[in-house]
Protein chains: 2
Amino acid sequence: MASSIHDLARHLNISIGTVSRALNGRADVNADTRQRVLDAAKQLNYSPNQSGRSLRQGATHSIAFMLQPHPGDQQYGEPFFIPFLIGLQGRLAESGLDLTVVMGAPGDYQQERLRRVVETRRADAVLLAWTRREDERIDYLTEVGFPFATLGRSRTGGKAYPSLDLDFEKAGADAVDRLVARGHRRIAAIRPSLNLNFGYLFLDGYRKALKRHGIEVDPALIADGFINEAGGYQVTPRVMLTKNRPTAIIFNNDAMALGGCKALAEMGIRPGHDIAVTVIVDTPLCRYFSPALTAFRPALEPMGRRLAEMLLASLPAFAGPEGPRIIREVWPLELIARESD
Amino acid sequence: MASSIHDLARHLNISIGTVSRALNGRADVNADTRQRVLDAAKQLNYSPNQSGRSLRQGATHSIAFMLQPHPGDQQYGEPFFIPFLIGLQGRLAESGLDLTVVMGAPGDYQQERLRRVVETRRADAVLLAWTRREDERIDYLTEVGFPFATLGRSRTGGKAYPSLDLDFEKAGADAVDRLVARGHRRIAAIRPSLNLNFGYLFLDGYRKALKRHGIEVDPALIADGFINEAGGYQVTPRVMLTKNRPTAIIFNNDAMALGGCKALAEMGIRPGHDIAVTVIVDTPLCRYFSPALTAFRPALEPMGRRLAEMLLASLPAFAGPEGPRIIREVWPLELIARESD
DNA sequence: TGTGTTCTCGTAAACGTTTACGGAAAAACG
DNA sequence: CGTTTTTCCGTAAACGTTTACGAGAACACA
């Protein structure tokens, strides 16, 4: 069934060494011989056994993507990641790499899973999704010298590693700018309570923009909540019950925004009429919600492609002739104006 | 860094054979020796090299999940699959298996991808998502004798294979029953045009239920469209412009329903008031749409777990002592009544 | 004591590759 | 024609496991 390099060698009456060299495009093999090997390979339907290659080369030809579902996410489904995965897997496949997805149980920090992946050498590199401000996974990986890249930046790690992030700071500032231009002065900000780094970036942008407009930052208008619908539902009333009600809310997460809107509806407050609502990361949910939520949209599929590319560029085995490079990029979010502000 | 079985052997002054047997729990090793090996393994932080095991055993310890993004799906994101993946990966991990996801480019039938996975022996088995009525992937896999299981049934394949499907037929019938009970007689059905099997099952249920109620099946009320929002948008007017307008539409897909509702809105027809709308597979989008769409909900995460389990049960290496079994299951969809009907 | 059985372990081959090394043949050069 | 270089290929080791086989030691039994 599966023909090996030995079958080819026997069939052509040459040695397996020559077959291997021919297949791998090495210089020291006669052009004619190479062609015969290639033909035979096609004819016998040969394709190399991955385990054999991996063992010999000490490389698994696969990349592990550590996806961390947020708690309570079963029903919600992280619409973020499928387009991202499409880009990621597509680019990796072009370089002959598999994509292994590893999902921690919702809630745990997947440090244990990560160790297992690294120690059993199940992947040549890992990709971390949504870094935290201080991220022990990054510490661990740099410590053991395992190659990785991250979706999102982090304060952790003296050593450089490739990372692709969204410009949450600018999005936060843009959101404020837009609301101020529309006459708002009391603007609330709601973000996830886990120490996800993008929450901090968002808040930085929010604060800076307010100051730039000469508006004092009111701590009562800033709230953290669980990063899901229940979190938004729970925390939104807190900012609404301050003595000076905000006239606008910026949510740092779509699920929280949906929960927040539910809370607003129960208070008889209508987004788009009585209050302006802006969401920092757009998902299809924002578009179909009523009123449709104004949101900042990432280019998910290209991001997946690009992060794969950046990771590859950092690996000696895949880097170009100039050698491995550490690339870090921050991508813009595009404002999609809809009805909620 | 990575300690091998040789390191353990040298450290304990025994042979690698004994170490391996001790680690793998074989009977022919002294209890005391085994304990010493286990201790040393922990102390030296040993974990077996996967490539080595794979090569020797002819098994990769990983399962490939073939996910087929529908065309035009970049923005939409298949919210279906993340919870499903959580269940799937969770169960596989419990048996020490990796999950490799392979996504074809949207639109292609991924036959080529599948061949590659099989021929390079990159996985011990594959999981097919959303079978078609006649599915060449199933033909291929049975022909080459490669283990697999499917999400969804198919007419293809004399040989048995594990499959987990949703009861689209019953859901279609239930949807009709409910609408008839509410006074509807002219009920349209809109389903995807690809020969996805669930589209046929749905239509079977729809037809049978209509007949049971003594309602003639009107072909003008049945339409196929592209399985995305644009498809629903495009095809919905077709059923609405028949001389006897339907008073209800059942959509076989959430994205098509959303596109359909857009078309309805442009015609001034309001779901929940002027027309009843039911969706067969619920996603978060249905819940947040306005009006919230009545839909039939699957138990995604348990489905993922269960399908993993069924696949494992069919593999000799993982089946219980009674030997491998082929399990086929059809799971119910739960009606979530909302505002649109 | 002799024979057979059971326990325990070491030896070595095998899985399918890649690659360092060396050597024979061919080509180039004087 | 002799010497050097180049071209091409075979040999064999190595990657880290698992496992069939056999052998020595301990034990049981008559």
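Numbered from 1 within each chain, the chains take letters A, B, ... in sequence-line order. Side chains are part of it too, since the values below use all heavy atoms of this structure and drop only hydrogens, waters and symmetry mates.
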message: Quick check against the 3.5 Å criterion: does B:Ser314 have a side-chain atom that pairs as donor or acceptor with the backbone of B:Ile327?
response: no
message: I'd like to know if A:Arg10 pairs up with A:Asp7 as an ion pair, taking the criterion as any Lys NZ or Arg NE/NH1/NH2 lying under 4.0 Å from an Asp or Glu carboxylate oxygen.
response: yes
message: Does C:dT17 have OP1 or OP2 under 4.0 Å away from a side-chain N or O of A:Ser20?
response: no
field: Atom pair distance, as rounded to whole Å: CG in B:Asn13 and P in C:dC9
entry: 13 Å
query: How would nucleotides 20-25 of chain C be written as a contact map, 5' to 3', with B for base contact, S for sugar-phosphate-only contact and - for no contact, using protein heavy atoms under 4.0 Å?
result: B-----
message: Without decimals, in angstroms, what is the distance between B:His61 NE2 and D:dT17 P?
response: 12 Å
message: Looking at B:Ile16, is its backbone amide N or carbonyl O close enough to the side chain of B:Ser20 to form a donor-acceptor pair, meaning the two atoms are under 3.5 Å apart?
response: no
message: With salt bridge (Lys or Arg N to Asp or Glu O under 4.0 Å) as the test, pick out the partner of A:Asp165 among A:Arg328, A:Arg306, A:Arg153.
response: A:Arg153
Every protein N/O lying under 3.5 Å from an N/O of nucleotides 14-16 of chain D:
residue : atom : partner : partner atom : Å
D:dA14  : N3   : A:Arg56 : NH1          : 3.4
D:dC15  : O2   : A:Arg56 : N            : 3.1
D:dG16  : N2   : B:Gly52 : O            : 3.3

query: So, does B:Ser154 use its side chain to make a donor-acceptor pair with the main chain of B:Arg133 at under 3.5 Å?
result: yes
query: What is the distance from CD1 of A:Ile16 to C1' of C:dT19, rounded to the nearest Å?
result: 11 Å
message: In this structure, how many angstroms lie between the C1' atom of D:dT18 and the CG atom of B:Leu8, rounded?
response: 15 Å
query: Any side-chain donor paired with an acceptor under 3.5 Å for B:Ser54 and B:Ser51?
result: no
field: B:Phe84 and B:Leu307, any side-chain heavy atoms less than 4.5 Å apart
entry: yes
query: Reckon B:Ser15 has a side-chain N or O less than 4.0 Å from the OP1 or OP2 of C:dG10?
result: yes
- prompt: Taking OP1 and OP2 of D:dC8, is either one under 4.0 Å from a side-chain nitrogen or oxygen of A:Asn30?
  reply: yes
- request: Measure the angle between the two terminal helix axes of the helix from C:dT1-D:dA30 to C:dG30-D:dC1, five base pairs each, and quote it to 10°.
  value: 40°
- prompt: Checking B:Arg121 against B:Phe146: charged group under 6.0 Å from the ring centre and within 45 degrees of the axis?
  reply: no
A:Gln35 CD to D:dC8 C1', straight-line distance once rounded to whole Å: 17 Å
query: Between B:Asp135 (side chain) and B:Thr156 (backbone), is there a donor-acceptor pair under 3.5 Å?
result: no
query: What integer distance in Å separates A:Arg10:CZ from D:dG10:P?
result: 15 Å
task: Provide, to the nearest angstrom, the distance between the CZ atom belonging to B:Arg34 and the C1' atom belonging to C:dC9.
output: 13 Å
query: Using 4.0 Å as the upper bound for N to carboxylate O, is an ion pair formed by B:Arg305 and B:Glu94?
result: yes
query: Distance-only, no hydrogens or angles: does the B:Ser163 side chain make a donor-acceptor pair with backbone N or O of B:Thr150 under 3.5 Å?
result: no
- prompt: So what does A:Thr33 hit on the nucleic acid, given a heavy-atom distance under 4.0 Å: a base, only sugar-phosphate, or nothing?
  reply: sugar-phosphate
